[in-house]
Amino acid sequence: MHRVVPLRVHYYGTPVVLVSSTNPDGTTNLAPMSSAWWLGQNAMLGLGATSRTTQNLLRTREAVLNLVPATMVDHVDRLALLTGSPELSPHKRETGYRYEPRKFEAAGLTPEPSDLVAPHRVAECPIQLECRVSGDYEITSDSVHAHAIHVQVLRAHVADAVRLPGTDHVDPQAWDPLIMKFCDFFGQGQPLAPSRLAAGWQMPGRVVESASA
Ligand SMILES: Cc1cc2nc3c(=O)[nH]c(=O)nc-3n(C[C@H](O)[C@H](O)[C@H](O)COP(=O)(O)O)c2cc1C
């Protein structure tokens with residue numbers, strides 16, 4: 001039997017991307033996101049209007065999309081309630097976010113210069129995509145002020161460990177993406193560590209409940 005349910009969240013399971021972007025002072029900001037979809041050499045990124053990443057992307061028209069493997073769940077979770085923006089929205093303040101200008105250090109990750117764009121790549125991520133911003137669509141509704149930002153992949157860096165030997169293809173068996181399902185982390189279909197985001201959103205995720213039981 002189905003029930004009519006006023007679902008609060010529609011995050012059914014998407015790979016986590018760490019977006020590198022350039023701050024006004026020239027440093028690289030890093031932010032986890034998962035509202036991304038792909039078409040050819042293009043991606044659409046769903047990003048909140050108040051995030052530093054959105055402002056950086058729209059100002060500089062550049063980004064690096066660092067694809068995150070499930071093994072990096074702890075690094076991502078360390079970034080979960082941080083923003084590179086000195087001004088916090090009321091929603092972020094209530095959720096428990098704080099300003100952090102040094103995201104690489106906070107996450108324990110290594111910056112690596114890019115070839116074609118200013119933001120640094122995340123050395124630990126096996127797939128790093130240097131991108132140009134080519135479009136922007138504003139999304140405004142009762143509960144959301146966001147942007148759908150269109151980026152084009154200019155150059156892809158792929159670690160040998162996830163490349164099909166002798167080819168220009170990612171090996172689907174070697175590549176195990178970190179998945180954000182509702183507000184919890186999964187890898188290979190299995191729940192991973194509890195997420196700080198789920199706690200901030202007060203989500204009744206089973207991962208969180210079993211961790212605190
Ligand atoms: C796993 C994960 C996925 C997230 N996905 C998104 C997303 O798709 N879109 C978004 O706007 N924020 C998303 N967030 C929240 C952002 O990381 C948050 O807004 C953060 O403040 C962005 O950092 P910034 O302000 O430095 O850009 C996600 C957070 C986590 C931990």
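Remember, it's 1-based here, ligands and their atoms both numbered in the order they're listed.
- On a distance-only criterion, Lys103 and ligand 1 share at least one N/O pair closer than 3.5 Å.
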Are Leu39 and Trp37 close enough, and set up right, to give a side-chain contact (heavy atoms from CB on, under 4.5 Å), and what steps lead you there? CA-CA 7 Å; Leu39 193 65; Trp37 58 263; 4.0 Å; yes

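- More than 12 heavy atoms of other residues, nucleotides or ligands lie within 6.0 Å of CD in Glu138, so this atom counts as buried by the packing criterion.
- Shown in contact with Arg52 at under 4.0 Å from a heavy atom are these atoms of ligand 1, numbered in order with element: 24 (P), 25 (O), 26 (O), 27 (O).
- Gly46 O, 2.9 Å is the protein heavy atom nearest to atom 9 (N) of ligand 1.
- Checking only distances, Val76 never comes within under 3.5 Å of ligand 1, N or O to N or O.
- Clustering ILVMFWY residues whenever any of their side-chain heavy atoms sit less than 4.5 angstrom apart, transitively, puts Leu197 in a cluster other than the one holding Val19.
- Every atom of ligand 1 is numbered from 1 in the order shown, and the set under 4.0 Å from a heavy atom of Lys92 is 18 (C), 19 (O), 20 (C), 21 (O), 25 (O).
- Val68 and Leu30 fall within the same hydrophobic cluster, defined by Ile, Leu, Val, Met, Phe, Trp and Tyr side-chain heavy atoms under 4.5 Å apart, directly or through other members.
- For ligand 1, the atoms lying closer than 4.0 Å to a non-hydrogen atom of Phe185 are 1 (C).
- Considering only non-hydrogen protein atoms, atom 2 (C) of ligand 1 sits nearest to Met180 CE, 3.9 Å.
- Hydrophobic clustering (side-chain heavy atoms under 4.5 Å, transitive across Ile, Leu, Val, Met, Phe, Trp, Tyr) keeps Val17 apart from Ile179.
- Asn29 pairs with exactly one of Lys103, Arg102, His120 by the side chain to side chain donor-acceptor pair (under 3.5 Å) rule, that one being Lys103.
- Those atoms of ligand 1 with a heavy atom of Ala80 less than 4.0 angstrom away are 31 (C).
- Annotation for ligand 1: atoms under 4.0 Å from non-hydrogen atoms of Asn29 are 24 (P), 26 (O), 27 (O).
- Here the closest heavy-atom approach between residue Glu124 and residue Gly108 is recorded as OE2-O, 4.3 Å.
- Counting protein heavy atoms only, atom 6 (C) of ligand 1 is closest to Met33 CA, 3.4 Å.
- Residues Asp184 and Lys181 are not paired through a salt bridge, judged by the lack of any N-O separation under 4.0 Å between the basic side chain and the carboxylate.
- Note: Leu18 CG to Met33 CE = 10.5 Å, rounded to the nearest 0.5 Å.
- Taken from CD in Gln128 to CG in Asn66, the straight-line distance is 6.0 Å, to the nearest 0.5 Å.
- Nearest protein heavy-atom neighbour of atom 15 (C) of ligand 1: Tyr97 OH, 3.7 Å.
- Listed here is the closest heavy atom pair of Ser195 and Asp77: CA-OD1, 3.4 Å.
- What sits closest to atom 29 (C) of ligand 1 on the protein, heavy atoms only, is Pro32 O, 3.6 Å.
- In terms of protein heavy-atom proximity, atom 23 (O) of ligand 1 is closest to Ala31 CB, 3.4 Å.
- By the criterion of side-chain heavy atoms lying less than 4.5 angstrom apart, applied directly or through intervening Ile, Leu, Val, Met, Phe, Trp or Tyr residues, Met180 is grouped together with Val76 in one hydrophobic cluster.
- Of all the atoms in ligand 1, the ones that sit under 4.0 Å from a non-hydrogen atom of Ser34 are 3 (C), 4 (C), 5 (N), 6 (C), 7 (C), 8 (O).
- Protein heavy atom nearest atom 11 (O) of ligand 1, with residue, atom name and distance: Gly48 N, 2.8 Å.
- When non-hydrogen atoms are compared, ligand 1 lies under 4.0 Å from the backbone of Thr83 as well as from its side chain.
- With a 4.0 Å heavy-atom cut-off, ligand 1 is reached by no atom of Arg196.
- Judged by the shortest distance from any of its heavy atoms, Thr14 lies outside the 4.0 Å radius around the atoms of ligand 1.
- Within 6.0 Å of CZ in Arg132 there are 12 or fewer heavy atoms belonging to other residues, nucleotides or ligands.
- Below 4.0 Å from some heavy atom of Leu82 lie the following atoms of ligand 1, by number and element: 20 (C), 21 (O), 23 (O).
- Shown here is Asp168, whose CG atom has no more than 12 heavy atoms of other residues, nucleotides or ligands within 6.0 Å.
- When only interatomic distances are considered, the shortest N/O to N/O separation between Ser85 and ligand 1 does not fall below 3.5 Å.
- Distance from atom 27 (O) of ligand 1 to its nearest protein heavy atom, with residue and atom name: Thr53 OG1, 2.5 Å.
- Residue Leu197 has at least one heavy-atom neighbour below 4.0 Å for each of these atoms of ligand 1: 29 (C), 30 (C).
- Proximity of Asn56 to ligand 1, defined as any heavy-atom pair under 4.0 Å, is not found for any part of the residue.
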